[in-house]
2 protein chains.
Amino acid sequence: VGKPIGIALIGCGVVGTGVLRLLAEHRESIEARIGSSLEIRGIVVSDPSRERDPLVPSALLTTDGEALVRSHDVDLVVEVMGGVARAGALVRLALETGKHVVTANKALLAEEGVALSALAEQKGLDLYYEAAVAGGIPIIRVLREGLSSDRVRAVYGIVNGTSNYILSRMRSAGLEFAVALAEAQSAGYAEADPTLDVGGGDAAHKLTVLARLAFGQHVRTEHVAIEGIDRVSRVDMQFAERFGYEIKPLAIAQRLTDGRLDLRVHPALVQQDAALAGIHGALNAVYVHGELVGPSLLSGLGAGAGPTAVSVVADVVDVAQNLVAGAPARRAAGVRDANAKVSVQPIGELVSSYYVRMTVRDRPGVLARVTGSLASHAVSVEQMVQQRPETASSEVAATLVFLTHEAREQDLRAAITEIDASQDVVSPTNVIRIVDQA
Amino acid sequence: VGKPIGIALIGCGVVGTGVLRLLAEHRESIEARIGSSLEIRGIVVSDPSRERDPLVPSALLTTDGEALVRSHDVDLVVEVMGGVARAGALVRLALETGKHVVTANKALLAEEGVALSALAEQKGLDLYYEAAVAGGIPIIRVLREGLSSDRVRAVYGIVNGTSNYILSRMRSAGLEFAVALAEAQSAGYAEADPTLDVGGGDAAHKLTVLARLAFGQHVRTEHVAIEGIDRVSRVDMQFAERFGYEIKPLAIAQRLTDGRLDLRVHPALVQQDAALAGIHGALNAVYVHGELVGPSLLSGLGAGAGPTAVSVVADVVDVAQNLVAGAPARRAAGVRDANAKVSVQPIGELVSSYYVRMTVRDRPGVLARVTGSLASHAVSVEQMVQQRPETASSEVAATLVFLTHEAREQDLRAAITEIDASQDVVSPTNVIRIVDQA
């Protein structure tokens with residue numbers, strides 16, 4: 001058995017506590033696997049006086065993250081604090097002072113991952129982050145190792161459990177968005193400020209990390225076209241179902257035949273028998289299409305102390321094995337050419353089919369004018385449903401729902417702008433993309 | 001760039017050719033990842049004169065596997081020949097003469113994997129085998145690395161694509177077993193001798209490999225209770241559907257609360273909305289339940305040159321990275337205690353619910369006698385369907401189908417033996433286990 005590996009733990013919330021519990025409960029098997037012992041040298045918290053789980057050794061709590069990270073008996077810094085500013089400063093300091101890093105921080109990786117990977121590589125250090133995307137699913141390992149010999153064509157993910165929970169509940173219980181959101185919040189899934197979840201920002205962070213690994217390019221979150229799930233209402237869910245679809249919160253990264261990347265996060269209609277349609281509630285899933293390996297689906301719990309801690313500790317074991325073997329930075333960071341320009345297809349050039357729901361005045365000629373506008377922008381209709389007002393109070397408005405054939409997004413948007421500007425339409429038209437490959 | 005890594009390729013069928021193609025087409029990215037080049041030193045075949053894909057360098061073909069494996073410029077032996085005797089001899093020779101090994105050979109691993117792992121560990125060599133189980137699914141990596149920090153409770157797999165294809169076609173097209181088998185054979189899924197696939201032996205080999213990794217015990221194929229899918233007929237499929245189930249070819253390994261292992265391969269009724277019910281055709285899937293990580297599903301293509309070659313080459317990259325980093329045998333083989341006795345629950349002690357189909361004479365008192373026999377063996381009925389003969393020619397026989405509550409298997413078997421021995425029953429009763437956790 002070699003000399004102990006010193007660990008600095010940054011953050012001690014539910015995930016940090018989960019990591020401490022796992023390391024304590026599985027100490028024997030983990031040490032047998034590593035051939036050395038792991039020793040926690042200190043735990044960075046903002047308030048050491050707060051009440052904590054009794055398994056947290058209070059003597060190790062400190063507010064001085066810099067001193068702990070710099071400490072010579074720390075080999076590995078485990079960051080589970082979250083947030084970008086302070087966590088980023090400590091992770092950078094760790095790499096600058098020769099410490100390996102395991103982090104679960106997708107926002108930090110999305111913003112600074114490229115620079116941090118370059119710094120780690122330059123210093124010959126490991127930077128691992130399995131827990132940053134889809135906690136319980138080892139997708140980082142699969143992209144980095146299992147598919148290292150294939151060429152990834154596309155990644156389709158459900159990577160925000162809150163959004164998936166909300167849309168699942170809207171569908172299964174017929175709830176409106178606001179009601180399902182409130183339910184998710186009281187169930188502990190959604191944050192008090194749910195913007196990052198339901199607005200798509202969190203999924204875009206994760207997609208950024210996945211796309212870098214899948215395509216070896218320096219994708220940034222700004223490259224991702226983002227739409228939140230708040231545009232989906234109960235009637236959309238019902239119409240989708242009528243056409244044989246479900247609405248799922250997707251994150252999509254694909255390599256187009258012209259070499260550009262298509263990167264987007266949005267709610268999407270997927271066929272009811274599609275692989276991702278079966279992923280309900282707080283589950284996450286990632287569907288990877290490899291050139292040779294074909295389609296492959298991974299699903300599991302995306303968040304929570306247990307799954308996240310398992311992924312963090314799996315990384316700790318991996319880095320520790322590298323250390324014991326005297327082979328840190330055994331794996332390249334995965335991005336081949338640090339200076340390659342990322343070429344992204346603007347969302348207006350996307351070719352997709354669409355679900356379009358309009359609320360129109362119930363008067364003669366409306367359907368002809370609407371379909372005429374669509375046709376004049378080269379958008380052709382594949383299916384249509386017209387729903388007459390059910391109650392006397394809404395007698396002026398009827399609902400028109402179209403599924404289009406494939407069209408260019410900018411053409412569709414131009415048609416909708418024209419239609420929405422007319423007197424025929426009562427309220428803004430809702431457009432949701434259809435994804436047939438997921 | 002370090003010195004080239006010499007590879008001996010054993011076998012050059014579809015998988016071997018796929019490996020050569022992948023290494024050629026992705027040479028640049030693979031070498032960038034490894035930091036060294038890979039060089040094929042020789043290819044062992046039985047008949048060098050056979051016509052081959054032009055990308056196979058005929059100058060490298062040899063029938064003298066022993067000489068090639070012993071060669072000093074070979075660092076890594078890649079075995080994709082299959083079969084146990086000759087492949088096993090060459091893999092052993094490789095390890096004995098200090099060569100790392102990547103193999104796709106599940107039969108060899110099932111039979112000799114424990115001894116081969118021990119030999120590799122003793123010699124400080126890598127033995128990797130991602131392609132041996134569920135070709136396109138990186139389940140070995142996930143069990144070995146991603147879940148290294150969790151405790152696996154159970155593994156449920158669909159790991160034989162031929163069996164899954166046959167049962168899927170029986171269901172979707174209403175085919176009888178023999179017809180679906182013939183179709184699978186002409187589609188190239190099933191071997192001329194399909195015994196190993198449809199009899200469950202192939203799945204048992206794979207389950208053996210998975211169970212060793214999941215539980216760290218020296219599981220052998222003899223520990224697995226095996227039933228083939230040939231016991232499933234079209235009517236069973238139809239009755240199952242009527243009760244809300246599908247019939248899938250499962251491989252199950254679970255750790256019971258008393259510490260014993262439950263290891264079995266058999267067709268099983270699974271609920272139509274269960275995760276594994278959605279795995280159709282030649283797809284494979286593995287559903288892993290970790291104590292902390294919860295349930296997690298991986299699915300993808302199980303066989304074929306592409307997926308298998310991707311997994312083989314991913315292992316080659318992994319071993320090469322270890323070599324370049326000077327850290328071979330970085331990972332322990334996964335089995336903690338080589339001498340620990342494996343304690344397996346005898347199948348008779350299994351507690352399960354069951355689907356039972358009887359063909360009985362259509363005469364008074366039969367149902368009372370049959371349910372009486374079941375009750376006297378502590379088997380209670382949860383649901384029952386009786387189907388009267390439809391045509392005059394079969395007027396003597398009616399069909400009785402029961403779904404039982406949970407019962408001990410030996411009790412159920414005793415009841416069926418008693419019932420089948422009576423004058424009430426026309427032909428042997430068919431029993432299929434129900435699995436509610438998959």
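Computed from a predicted model, the values in this text were never measured in an experiment. Below, all heavy atoms of this structure are taken into account, side chains as well, without hydrogens, waters or symmetry copies. Labels below follow one simple rule: chain letters A, B, ... track the order of the sequence lines, proteins then strands, and each chain is numbered from 1.
- With a 4.5 Å cut-off on non-hydrogen atoms, B:Pro138 touches chain A through its side chain but not through its backbone.
- When each of B:Glu291, B:Glu130, B:Arg151 is checked for heavy-atom pairs under 4.5 Å with chain A, B:Arg151 comes out on top.
- Counting heavy-atom pairs under 4.5 Å between each of B:Gly326, B:Pro307, B:Ser299 and chain A puts B:Ser299 at the top.
- Counting heavy atoms from C-beta on, the side chains of A:Val142 and B:Arg141 never come closer than 4.5 Å.
- Remark: A:Lys106 engages A:Asp202 in a salt bridge (charged side-chain N to carboxylate O under 4.0 Å, His left out) (not counting sequence neighbours).
- B:Ser296 contributes atom OG, which lies 11.0 Å from atom CG of A:Asn284 (distance to the nearest 0.5 angstrom).
- Note: A:Leu292 leads A:Val316, A:Leu292, A:Ile34, A:Val313 in heavy-atom pairs under 4.5 Å with chain B.
- The two residues A:Arg144 and B:Arg33 make their nearest non-hydrogen contact at O-NH1, 3.2 Å.
- The heavy-atom pair separating A:Ser149 from B:Val310 by the smallest distance is OG-O, 2.6 Å.
- Contacts of residues 13-28 of chain A with chain B at a heavy-atom distance below 4.5 Å involve A:Leu22, A:Glu25, A:His26, listed in sequence order.
- The closest side-chain heavy-atom distance from A:Pro295 to B:Leu301 is below 4.5 Å.
- Here the CD1-CG distance, from A:Ile279 to B:Leu297, works out to 7.0 Å after rounding to the nearest 0.5 Å.
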